[in-house]
Amino acid sequence: MPGRVKTRLTPPCTPEQAATLAGAALEDTLATLSRVPAGRRLLVLDGEPGGWLPPGWEVVPQCTGGLDERLAAAFARAARVAPRAPALLVGMDTPQLDAAALAEPLSAARRPGVDAWYGPAADGGFWALGLARPTGRLARRLLLGVPMSTPDTGRALLARLAAAGLTVHHLDLATDVDTIAAARRVAAEAPQTTFAACLRSIDAAPGTAG
């Protein structure tokens with residue numbers, strides 16, 4: 001919804017343009033993750049899904065609270081619906097993700113000995129977190145109280161993972177879409193995406209700032 005998502009894109013984007021870019025990023029992310037082998041696919045959503053939801057996804061409501069609480073609750077929900085299965089949580093603002101590159105480190109052949117997967121973001125945060133044996137208790141231990149959306153978020157989470165004695169596999173560094181500069185970098189990395197096409201359309205609109 002305009003004014004509630006990707007507010008750091010405004011300006012130069014209008015709230016409506018920022019919301020359109022967020023929707024495009026979500027569509028690309030879901031399309032990519034639909035091609036990654038998985039037993040179940042859960043979309044933890046604040047609101048109702050639209051026609052953009054691909055087949056094969058279960059929609060569960062996002063809880064209230066801070067981002068740390070919502071992420072912990074998402075893992076707890078995944079652990080309830082698929083006990084003893086590994087779970088990977090991916091944000092919706094990395095539309096440049098490659099399905100094959102993500103599937104390989106998560107494959108059954110590569111999972112032995114790995115307790116967690118961590119996807120570092122260029123701004124110091126993280127774009128993905130996976131747990132080989134997720135539980136609500138473990139998720140709360142790892143996430144509650146971690147400062148979110150700061151340059152130290154990733155460092156704090158890695159410290160929690162180390163303190164829990166977990167062996168962590170680091171996924172590739174990625175840029176998530178928070179600022180217009182980051183949006184342009186992501187669009188340049190993946191020009192074929194819906195997100196990139198949406199940004200090109202916005203750039204071409206009269207009165208749009210460069």
Side-chain angles (χ1 to χ4, degrees), residues 1-10 13-67 69-83 85-103 106 117 119 121 125-131 134 136 139 143 148-149 171 174-178 182-183 186-187 189-202:
M1 293 183 64
R4 290 188 59 187
V5 295
K6 294 299 163 194
T7 56
R8 290 169 60 190
L9 293 176
T10 59
C13 294
T14 67
E16 290 75 17
Q17 289 171 334
T20 299
L21 282 170
L26 176 58
E27 286 191 49
D28 286 326
T29 302
L30 291 174
T32 296
L33 294 178
S34 293
R35 298 192 297 274
V36 177
R40 302 181 80 153
R41 295 181 174 85
L42 303 180
L43 174 62
V44 185
L45 184 67
D46 178 11
E48 297 297 326
W52 43 262
L53 183 69
W57 286 82
E58 303 172 50
V59 178
V60 297
Q62 192 174 124
C63 75
T64 58
L67 182 56
E69 297 171 286
R70 286 178 279 147
L71 295 179
F75 274 110
R77 181 63 176 259
R80 287 197 300 272
V81 300
L88 180 76
L89 188 147
V90 178
M92 50 70 66
D93 52 0
T94 46
Q96 75 277 32
L97 293 183
D98 177 75
L102 189 55
L106 298 169
W117 295 265
F126 62 98
W127 59 267
L129 175 64
L131 297 174
L143 290 160
M148 296 290 165
S149 302
L171 302 171
T175 298
D176 52 14
V177 176
D178 285 319
V186 167
E189 287 178 30
Q192 77 286 356
T193 57
T194 300
F195 177 85
C198 182
L199 184 59
R200 288 192 294 267
S201 177
I202 288 172

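Note that these values count all heavy atoms, side chains included, but never hydrogens, waters or copies made by symmetry.
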> According to side-chain contact (heavy atoms from CB on, under 4.5 Å), who are the partners of A99, at least two apart in sequence or on a separate chain?
T32, R35, V36
> Applying side-chain contact (heavy atoms from CB on, under 4.5 Å), name anything that partners L89, two or more places apart in sequence or on another chain.
L71, A74, F75
> For T194, which residues count as a side-chain contact (heavy atoms from CB on, under 4.5 Å) partner, sequence neighbours excluded?
A24, D28
> From L67 CG over to L143 CG, what is the distance, rounded to the nearest 0.5 angstrom?
8.5 Å
> Find out whether L102 and L88 are in side-chain contact, i.e. whether some heavy atom of one side chain is under 4.5 Å from a heavy atom of the other.
yes
> Say you draw a straight line from CD of Q17 to CG of L9; how long is it, rounded to the nearest 0.5 Å?
10.0 Å
> Between L42 and A78, what is the shortest heavy-atom contact and its length?
CD1-CA, 3.9 Å
> Who passes side-chain hydrogen bond (donor to acceptor under 3.5 Å, both in side chains) against W57, sequence neighbours left out?
S34
> I need the minimum non-hydrogen distance between P83 and V81, along with the two atoms involved.
CD-C, 3.6 Å
> Scan residues 46-59 for pairs that pass salt bridge (Lys or Arg N to Asp or Glu O under 4.0 Å), counting only residues two or more places apart or in two chains.
R4-D46, R40-E58
> Under the side chain to side chain donor-acceptor pair (under 3.5 Å) rule, what pairs show up with a residue in residues 69-82, not counting sequence neighbours?
Q62-R70
> D176: what forms a salt bridge (Lys or Arg N to Asp or Glu O under 4.0 Å) with it, not counting sequence neighbours?
none
> Can you tell if the side chain of L43 reaches within under 4.5 Å of the side chain of L53, non-hydrogen atoms only?
yes
> Determine whether F195 and T29 satisfy the following criterion, side-chain contact (heavy atoms from CB on, under 4.5 Å), listing intermediate values before the conclusion.
CA-CA 10 Å; F195 177 85; T29 302; over 6 Å; no
> List the atom of P15, the atom of T10, and the distance in Å for their closest heavy-atom pair.
N-CG2, 3.6 Å
> For P191, what residues pass the side-chain contact (heavy atoms from CB on, under 4.5 Å) criterion, not counting sequence neighbours?
R200
> On a heavy-atom basis, which atom in L199 and which in A187 lie closest, and how many Å separate them?
CD2-CB, 3.8 Å
> Might you point out which heavy atoms bring P86 and P134 nearest each other, and give the distance in Å?
CA-CD, 4.2 Å
> Please report the interatomic distance OG(S149) to CZ(R8), rounded to the nearest 0.5 Å.
7.0 Å
> Are the side chain of T7 and the backbone of G3 linked by a donor-acceptor contact shorter than 3.5 Å?
no
> Minimum heavy-atom separation for A128 to V90, with atom names?
CB-CG2, 4.2 Å
> For residues 91-100, which residue pairs qualify under side chain to side chain donor-acceptor pair (under 3.5 Å), counting only residues two or more places apart or in two chains?
K6-D93
